[in-house]
Amino acid sequence: MDILRFATAGSVDDGKSTLIGRLLFDSKAIFEDQLEAVERTSRDRGTEYTDLSLLTDGLRAEREQGITIDVAYRYFATPRRKFIIADTPGHIQYTRNMVTGASTADLAIILIDARKGVLEQSRRHAFLTSLLRVPHLVLAVNKMDLVDYSQERFEEIREEFTAFASKLNVNDLTFIPISALNGDNVVSRSENMPWYQGTSLLHHLENVHIASDRNLTDVRFPVQYVIRPQRATDHAFHDYRGYAGQVAGGVLKPGDEVVHLPSGLTTRIASIDTFDGPVEEAFPPMSVTLRFEDDLDISRGDMIARPNNQPNAAQDLEAMVCWMADTSKLTPRSKLTIKHTTRTARALVRDLQYRLDVNTLHRDEEATSLGLNEIGRVTLRVTQPLFVDDYGRNRLTGGFILVDETTNSTVAAGMIMETR
Amino acid sequence: MLQRDYTTSQLDVLEAEAIHIMREVAAEFERPCLLFSGGKDSIVMLRIAEKAFWPAPIPFPLMHVDTGHNFDEVIEFRDRRVEELGAKLVVASVQDSIDQGRVTEQTGRRASRNRLQTTTLLDAIEEQRYDAVFGGARRDEEKARAKERVFSFRDEFGQWDPKNQRPELWNLYNGRIAQGEHIRVFPLSNWTELDVWDYIRREGIEIPSIYFAHTRKVFERDGMLLPDADVVQRGDDEPLFEAVVRYRTVGDMTCTGAVQSSAATVEEIIEEIAATRITERGATRADDRASEAAMEDRKREGYF
Ligand SMILES: Nc1nc2c(ncn2[C@@H]2O[C@H](COP(=O)(O)OP(=O)(O)O)[C@@H](O)[C@H]2O)c(=O)[nH]1
Ligand SMILES: [Mg+2]
């Protein structure tokens with residue numbers, strides 16, 4: 001059994017909570033006491049139906065205002081897979097939450113109300129999904145029961161959305177007509193839509209192939225922590241020196257020739273260690289400890305790659321950033337801390353090339369700043385080289401965060417677009 | 001060459017993520033500590049710490065907030081495990097906080113030291129100058145927890161502000177703090193109760209005996225089975241009876257209920273959990289039943 005992480009997007013009333021509630025309920029991940037609590041609260045408030053959104057809206061302010069403020073994580077499993085849902089609110093003021101949820105997602109579900117069709121916000125959700133390079137996208141056309149399960153309506157929406165998506169980086173796009181309320185095509189195929197030849201949503205989630213979404217080609221091992229047991233549990237480890245980290249790309253094997261960055265020196269992997277014994281290969285997302293044949297000076301923030309396949313050692317970065325702070329703005333000359341893989345440095349915003357209108361994709365080259373939830377293209381100068389890849393090639397070596405040096409808040413997410 | 005698809009099982013993914021989180025903390029903080037209660041989540045967390053730094057010893061101390069109302073079996077287990085690992089254990093005692101007048105003991109039948117722990121915990125963090133504190137909380141436990149970050153920022157009063165959390169993207173965690181602030185770190189955020197049990201089975205990890213079915217004298221209160229113990233005040237209208245029970249969570253004797261069960265092995269527990277229809281907190285924790293937002297309120301104050 002493996003894990004599929006997916007994010008859900010949709011605007012208020014498209015049926016997101018109902019859909020999640022149904023997936024959880026039908027997979028028995030909602031427990032009786034949770035359901036009772038929700039029923040009790042719904043009753044107290046005079047709501048006629050059981051409001052499943054109360055299951056996901058966890059904070060007092062959210063329940064009081066009937067809105068979803070923040071990303072909530074939900075878990076369910078079927079015999080085939082474990083699922084982690086990042087439930088992100090849909091409004092434009094929550095763009096940062098959707099970006100957060102999408103950053104680790106293997107798949108995104110965008111909900112559309114069949115009566116309303118493709119709206120501005122559906123396009124925004126699709127754009128963010130492609131910007132964050134979520135490998136698989138599902139467009140769930142919901143409330144089919146309210147359009148008489150009409151194939152014509154579904155096809156109309158499909159055509160319109162496909163035309164728009166062709167402008168984006170979407171590799172795998174699937175359309176599924178559903179009724180979250182009645183359960184049509186959610187867990188099993190619906191008899192109300194015999195014209196639909198595809199699988200149910202859950203079947204798709206269970207079977208979508210994600211193993212090859214990771215980058216297994218370019219060896220990237222950001223050194224996280226140096227293990228040197230001073231008080232080894234065993235004398236055999238007295239001279240032990242291992243480099244611990246989580247593989248960010250490629251497949252590593254003992255005997256492989258590797259290059260250490262920033263030194264550029266090469267050596268071979270002597271052994272790949274874990275608590276449970278040495279392993280024959282390591283690949284994402286394994287956390288392992290490498291030992292090398294030669295004694296090199298290696299520390300946290302360094303990178304291990306292959307001599308003939310190295311990331312760019314860059315101090316000038318071209319990136320798309322999403323600004324996430326409400327108390328400050330990004331402007332040219334802003335100084336920030338940048339965190340990329342295991343390396344932390346300082347960054348200066350050299351230039352804001354344009355601000356992107358996330359609804360129309362229009363580029364405003366006159367823009368002089370980025371505010372909360374705004375996305376734009378920037379040039380950064382970093383105090384020391386970062387070992388980067390294009391975000392489209394590797395999300396782990398292409399993504400970074402920016403931190404405000406006074407408030408210590410995380411103020412932006414960045415995606416490296418083009419390395420020089 | 002054989003084609004492989006490099007599929008990774010859910011437990012391996014969760015373990016790799018938790019190890020990564022632990023190493024980030026060890027690399028970036030000066031004085032981390034790991035909360036170890038002897039409960040199953042903290043036992044799993046401790047095993048992950050062992051794995052993350054092997055063959056070096058765990059590079060931070062363990063801390064237990066001892067209410068004085070713990071099960072003997074759990075304290076005995078705690079001490080044995082600490083000794084096996086050669087780890088350093090700091091015990092922060094609620095009784096000491098009471099004796100020093102930092103908190104006032106509740107009275108009456110429902111008296112519990114659960115809420116008092118927060119003061120003891122925060123005092124210990126301040127005194128020991130811990131800047132990162134590992135907790136075994138999981139997001140599937142409770143709906144306020146479902147919103148909490150892996151690196152959860154606490155201000156100088158130890159408070160959590162759910163509306164002002166740092167965005168967390170990819171596997172990049174922001175641990176920057178000012179003096180007096182700290183980060184609570186939850187490496188098991190993405191684990192479910194079943195994952196924890198599957199892991200305990202897979203790893204062959206030992207757990208305290210009260211997790212397995214045993215015969216115990218109990219009485220019923222609010223649909224929960226509470227144990228017969230000196231620290232638990234029982235009314236005349238709450239008769240004792242013997243039952244075959246086990247615990248799904250391990251907390252204070254005063255507020256942790258047992259469930260009727262004959263599951264005597266980890267396998268049987270997993271079978272039982274897979275079939276159960278009530279959450280572990282709903283079944284066994286009086287502290288969460290107080291109100292819709294009981295956990296959110298306690299967390300805001302600085303609770304685990
Ligand atoms: N008829 C119909 N109503 C639906 C469907 N899905 C959701 N709804 C209703 O639409 C309303 C909003 O749903 P909700 O799940 O709260 O939407 P959210 O704001 O996206 O989370 C509720 O009254 C639901 O009962 C559907 O498939 N068909
Ligand atoms: Mg909702």
Side-chain angles (χ1 to χ4, degrees), chain A residues 1-3 31-34 37 41 55 58-61 63 69-75 77 82 84 96 99-100 103-104 211-212 214 216 224-225 227-234 237 240 244 246 251 274-275 283 285-287 300 324 337 339 342 395-396 399-401 403 408-410 413, chain B residues 5-10 12-20 23-24 26-28 50-57 86 139-140 142-147 153 162-163 165-174 176-178 181 189-190 192 194-195 276-279 281-283 292-293 296-297:
Chain A
M1 189 163 81
D2 62 351
I3 297 187
F31 296 96
E32 276 164 17
D33 55 320
Q34 289 173 309
T41 312
L55 275 169
L59 303 173
R60 189 197 298 275
R63 285 191 300 275
I69 295 175
D70 206 352
V71 192
Y73 294 89
R74 306 280 145 204
Y75 303 84
K82 168 175 169 136
I84 302 180
R96 68 168 174 182
V99 167
T100 302
S103 75
T104 49
S212 50
R214 288 163 300 171
L216 294 167
Q224 195 185 4
Y225 188 82
I227 295 181
R228 294 205 58 188
Q230 282 145 13
R231 180 170 62 91
T233 32
D234 183 334
F237 297 115
Y240 188 95
Q246 188 168 25
V251 180
T274 74
F275 174 90
F283 48 88
M286 289 168 69
S287 281
R300 174 172 167 86
M324 299 181 152
T337 292
K339 193 163 180 191
T342 56
R395 292 208 275 177
L396 295 174
F400 61 83
I401 57 170
V403 176
N408 288 333
S409 324
T410 304
Chain B
D5 77 349
Y6 296 99
T7 298
T8 315
S9 81
Q10 115 263 17
D12 287 332
V13 173
L14 294 171
E15 182 190 73
E17 178 182 82
I19 288 176
H20 171 81
R23 288 170 173 168
E24 280 301 288
E28 296 211 319
E50 220 183 332
K51 291 197 176 198
F53 305 103
W54 180 91
R139 286 176 178 148
D140 83 322
E142 205 281 332
K143 54 186 183 293
R145 292 203 156 150
K147 306 247 161 174
F153 174 79
K163 283 211 251 179
Q165 301 194 79
R166 295 176 175 175
E168 220 159 55
L169 298 107
W170 301 291
N171 59 357
L172 298 174
Y173 303 101
N174 173 3
R176 290 173 71 105
I177 48 168
E181 299 167 343
S189 287
N190 288 323
T192 60
L194 202 51
D195 293 327
T276 189
R277 305 301 312 131
I278 296 180
T279 61
R281 288 205 158 257
E292 177 81 4
E296 181 180 341
D297 292 342

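The figures here come from the full heavy-atom set of this structure, side chains too, leaving out hydrogens, waters and symmetry mates. The chains referred to below are lettered A, B, ... by the order of the sequence lines, with proteins before strands, and numbering in each begins at 1.
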Measure the spacing between [atom1] of [X] and [atom2] of [Y] and express it to the nearest 0.5 Å.
X        : Y        : atom1 : atom2 : value
A:Ile3   : B:Leu14  : CD1   : CG    : 4.0 Å
B:Thr192 : A:Tyr75  : OG1   : OH    : 9.0 Å
B:Asn171 : A:Arg395 : CG    : CZ    : 11.0 Å
B:Leu172 : A:Thr104 : CG    : OG1   : 11.0 Å
B:Glu168 : A:Thr410 : CD    : OG1   : 8.0 Å

Of the backbone (N, CA, C, O) and the side chain (C-beta and beyond), which part of [X] lies under 4.5 Å from a heavy atom of chain B, both, or neither?
X        : value
A:Ser409 : backbone
A:Thr274 : backbone
A:Ile401 : both
A:Met286 : backbone
A:Val99  : both

Check the pair A:Asn408 / B:Arg166 against side-chain contact (heavy atoms from CB on, under 4.5 Å), numbers first and verdict last. CA-CA 9 Å; A:Asn408 288 333; B:Arg166 295 176 175 175; 3.4 Å; yes
Can you see which heavy atom on [X] is nearest to which on [Y], and at what distance?
X        : Y        : answer
A:Tyr225 : B:Arg23  : CD1-O, 4.0 Å
B:Ala27  : A:Gln224 : CB-O, 3.8 Å
A:Arg214 : B:Thr7   : NH2-N, 4.1 Å
B:Pro55  : A:Tyr240 : CD-CE2, 3.5 Å
A:Ser287 : B:Ala16  : OG-O, 2.8 Å
B:Phe53  : A:Ile227 : O-CG2, 3.6 Å

With a cut-off of under 6.0 Å to the ring centre and 45° to the axis, is B:Arg139 in cation-pi contact with A:Tyr73?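 So B:Arg139 does make the cation-pi contact.
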Which bit of [X] comes within less than 4.5 Å of chain A, counting heavy atoms only: side chain, backbone, both or neither?
X        : answer
B:Ile177 : backbone
B:Ala52  : backbone
B:Glu24  : both
B:Asn190 : both

Counting heavy-atom pairs under 4.5 angstrom with chain B, the leader among A:Leu216, A:Thr342, A:Thr100, A:Leu396 is A:Thr100
Can you tell me which of A:Ala77, A:Ala211, A:Ser212 forms the most heavy-atom pairs within a distance under 4.5 Å of chain B? A:Ala211
What do the steps show when you test B:Glu28 against A:Lys339 for side-chain contact (heavy atoms from CB on, under 4.5 Å), and what is the final call? CA-CA 12 Å; B:Glu28 296 211 319; A:Lys339 193 163 180 191; 3.1 Å; yes
Sequence neighbours excluded, which residues qualify as salt bridge (Lys or Arg N to Asp or Glu O under 4.0 Å) partners of A:Lys82?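 Residues passing salt bridge (Lys or Arg N to Asp or Glu O under 4.0 Å) with A:Lys82: B:Asp195.
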